[in-house]
Amino acid sequence: DIISIIVKVKEGFCDALIKVFEDMPHVKVFGIKGNQIVLILDTDDMHVVAHKTKDIQEMDGVMGVYPVFSQDFVNHLD
């Protein structure tokens, strides 16, 4: 299952944050569009997802963190 996170960043922070994300375990930078960075998490552990989301939200330059779950992942939670 694929879990992605859209990270909305302040102007001027994109390059620095990408470097940080590239060094984070379980995280892959998938793409960049404007002031949004799309990350892919290689885990289906909700604890890891929650911790990564919280860690990213607290970074300088981050305006918002928006996890996106596949339908298969959501069905797996039932």
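All figures in this text were calculated on a predicted structure; none of them were measured in a lab.
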* Asked: Where do D42 and I40 land on the side chain to side chain contact (heavy atoms under 4.5 Å, CB included) test, with the steps shown first?
  -> CA-CA 6 Å; D42 66 357; I40 301 293; 5.8 Å; no
* To do: List the steps, then state whether side chain to side chain contact (heavy atoms under 4.5 Å, CB included) holds for Q36 with V9.
  => CA-CA 6 Å; Q36 296 181 350; V9 301; over 6 Å; no
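Side-chain contact check for L39 versus K28: every heavy-atom pair is 4.5 Å or farther apart. For the pair I37/V29, a side-chain contact is recorded, criterion being any heavy-atom separation below 4.5 Å from C-beta on. The shortest side-chain heavy-atom distance between I5 and V68 does not fall under the 4.5 Å cut-off.
A continuous path of ILVMFWY side-chain contacts below 4.5 Å connects M24 to I18, so both sit in one hydrophobic cluster.
Distance SG/C14 to CZ/F21: 8.5 Å, rounded to 0.5 Å. The OG1 atom of T43 lies 11.0 Å from the NE2 atom of H51; values are rounded to the nearest 0.5 Å. To the nearest 0.5 angstrom, N35 atom CG is 12.0 Å from K10 atom NZ.
The minimum heavy-atom distance between F13 and D60, with the atom names listed, is CD2-O, 3.6 Å. Nearest approach of V65 to P67, heavy atoms of both residues: O-CD, 3.6 Å. Taking both residues in full, the closest heavy atoms of M59 and L17 are given as SD-CD2, 3.9 Å, listed atom of the first, atom of the second, then distance.
Looking only at distances, no side-chain donor or acceptor of K52 sits under 3.5 Å from a matching main-chain atom of H26.
Here the options are V48, I3, T53, the test is side-chain contact (heavy atoms from CB on, under 4.5 Å), and the partner is L41; only I3 passes.
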